[in-house]
Amino acid sequence: MNTIIEPFRIKSVEPIYFSSRKERSGILKQAHYNPFLIKARDVIIDLLTDSGTSAMSSEQWAGMMRGDESYAGSDSFFRFEKIVNEVTGMPFIIPTHQGRASERILFSIMGGKGKYVLSNTLFDTTRANVEFSGAEGVDLRCAEGNDAETVAPFKGNMDAAALQAFIAEQGAEHISLVVLTVTNNSGGGQPVSMANIKAVHAICQAHGIPLFIDACRFAENAYFIKLREPGYESKSILQISREMFSHADGCTMSAKKDAFANIGGFLAMRDAQLAEKCRNLLVITEGFPTYGGLAGRDLEAIAIGLREVMDEDYLRYRIRSIQYIGEKLDAFGIPYVKPTGGHAVYLDAGRFMDHIPVHQYPGQALCNALYLEGGIRGVEIGSVMFGKYAADGSLLSPPMELVRLAIPRRVYTQSHIDYVAEVILAVYQKRQGFRGYKLTYEPPMLRHFTARFELVP
Ligand code: PM9
């Protein structure tokens, strides 16, 4: 049999409200042309994020009932700690309410003015927390990762030579941390190879720089290693994951991704002193070290989700369902980041909307066009999310203008995805009719969440 089917049955469903095009036109205007400001009810297919949007399994729901809500030392914490230790091999495990809470704690201690945090690519909240600490985040992604069309197996890799050169130029003492994001979210959900993790680790070790993994999508990354890197074909996802983490000093994790949880995260590390500092900060803003801002039932859901996500039938279906969208786009020559990554399809908005200049945000235009045409909500990953201003006020753009259509885990079926492909095609066929945008309001950090726009005439 060639068809890879969903390795689950559906037990509980949520209705979708079908808005009309006319309604959506008014909704977009009311939302100041920012999809983050649209009510979820007004979205037909919500591909804004794969974060916290997974369908939990019946086992996870059962676990929610078992959740031990004791303030200190709950059984749920110890079940959570056991699996995180099994996957990461790290002895010090600190629960947090989500990924960015882990980041805030870590960078409050390791960041600061005059320091650099180097990465294959920092995602938005990670970069914001690095910068909020006063440190500077620098992305050193491999060259093939900066080009949407190049097909390569590990486009999420860090450029190891550029890392060496940066250390030689700035001095290891100014680099507080290297962060490898797996998979590389801003770079198209592309995986990082084991060879790259090893090489980056060796460089970090030689200079006494700690290496952390941003582990949100560790299982998807491990599955790509199994598929694409010689020597890993017959290893289990747990073995590959353990090997990935064995090269790191610590990790931050948003359990809202590869743990199928609707909320949660953690920090894990090997250094007892660093762990103590993290826990001291945790108690001030997150909670006691055995719950860290989460209910016992959340810890339980994460513990079960972490085991479920390493199931290869699930990962085969997951990666295949993303590829399936890519194949539909290929049939019409619609530009996207190739090959498809782990959790999303990234439309190449720069090429798709090549009549809209970068300073008029082609990604925002494409996002809004998809919503208008078919009620699909995606997210811009380009100059809105990562743009900065030069001293003269001109826009400094990231290497690519993308629109990410992130697929929530275990939520949508093949016919939902067929519909998404039809909407993308309909927008592509009339793309010349869509206009760009100008910003009318932006907050100082993470502007994409709350920015407001107007259509340019
Ligand atoms: N990622 C995403 O949609 C949610 C926020 S932006 C819409 O991709 C990485 C690689 C992430 C990430 C969140 C976080 C933060 C850290 N690293 O959202 O705080 O992709 O749990 O995690 C989002 P939290």
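Order of listing sets the numbers, starting from 1, for every ligand and every atom in it. For the numbers below, each heavy atom of this structure counts, side chains included, while hydrogens, waters and symmetry mates do not.
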Under the side chain to side chain contact (heavy atoms under 4.5 Å, CB included) test, residues paired with Ile44 that sit two or more places apart =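 If we apply the side chain to side chain contact (heavy atoms under 4.5 Å, CB included) test to Ile44, skipping adjacent residues, the hits are Ile16, Phe18, Ser19, Arg24, Tyr419.
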Near Lys226 NZ, under 6.0 Å, is it more than 12 heavy atoms from other residues, nucleotides or ligands?
->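 It does: Lys226 NZ has more than 12 such atoms within range.
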Answer yes or no: are there more than 12 heavy-atom neighbours, outside Arg242 itself, under 6.0 Å from its atom CZ?
-> yes
Pairs in or reaching into residues 104-121: which pass salt bridge (Lys or Arg N to Asp or Glu O under 4.0 Å), with residues at least two apart or in two chains?
->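 Every pair satisfying salt bridge (Lys or Arg N to Asp or Glu O under 4.0 Å) with a residue in residues 104-121: there are none.
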Salt bridge (Lys or Arg N to Asp or Glu O under 4.0 Å) pairs, two or more places apart, involving residues 32-53 |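 Qualifying pairs, neighbours excluded: Asp46-Arg377, Asp50-Arg217, Asp50-Arg409.
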Atom pairs, nitrogen or oxygen, ligand 1 to protein, under 3.5 angstrom:
unit_1: ligand 1; atom_1: 1 (N); unit_2: Lys257; atom_2: NZ; d: 3.0
unit_1: ligand 1; atom_1: 3 (O); unit_2: Thr49; atom_2: OG1; d: 2.6
unit_1: ligand 1; atom_1: 3 (O); unit_2: Arg404; atom_2: NH2; d: 2.6
unit_1: ligand 1; atom_1: 8 (O); unit_2: Asn185; atom_2: ND2; d: 2.8
unit_1: ligand 1; atom_1: 8 (O); unit_2: Arg217; atom_2: NH2; d: 3.1
unit_1: ligand 1; atom_1: 8 (O); unit_2: Arg404; atom_2: NH1; d: 2.7
unit_1: ligand 1; atom_1: 8 (O); unit_2: Arg404; atom_2: NH2; d: 3.4
unit_1: ligand 1; atom_1: 17 (N); unit_2: Asp214; atom_2: OD1; d: 3.4
unit_1: ligand 1; atom_1: 17 (N); unit_2: Asp214; atom_2: OD2; d: 2.7
unit_1: ligand 1; atom_1: 18 (O); unit_2: Gln98; atom_2: NE2; d: 3.3
unit_1: ligand 1; atom_1: 18 (O); unit_2: Arg100; atom_2: NH2; d: 2.9
unit_1: ligand 1; atom_1: 18 (O); unit_2: Lys257; atom_2: NZ; d: 3.4
unit_1: ligand 1; atom_1: 19 (O); unit_2: Gln98; atom_2: NE2; d: 2.9
unit_1: ligand 1; atom_1: 19 (O); unit_2: Gly99; atom_2: N; d: 3.4
unit_1: ligand 1; atom_1: 19 (O); unit_2: Arg100; atom_2: N; d: 2.8
unit_1: ligand 1; atom_1: 19 (O); unit_2: Arg100; atom_2: NE; d: 2.7
unit_1: ligand 1; atom_1: 20 (O); unit_2: Asn185; atom_2: ND2; d: 2.8
unit_1: ligand 1; atom_1: 20 (O); unit_2: Arg217; atom_2: NH1; d: 3.0
unit_1: ligand 1; atom_1: 21 (O); unit_2: Gln98; atom_2: NE2; d: 3.4
unit_1: ligand 1; atom_1: 21 (O); unit_2: Gly99; atom_2: N; d: 2.9
unit_1: ligand 1; atom_1: 21 (O); unit_2: Ser254; atom_2: OG; d: 2.7
unit_1: ligand 1; atom_1: 22 (O); unit_2: Lys257; atom_2: NZ; d: 3.2

Using the six-membered ring wherever Trp is involved, compare the ring planes of Phe288 and Tyr71 and label them parallel, tilted or perpendicular (cut-offs 30° and 60°).
-> tilted
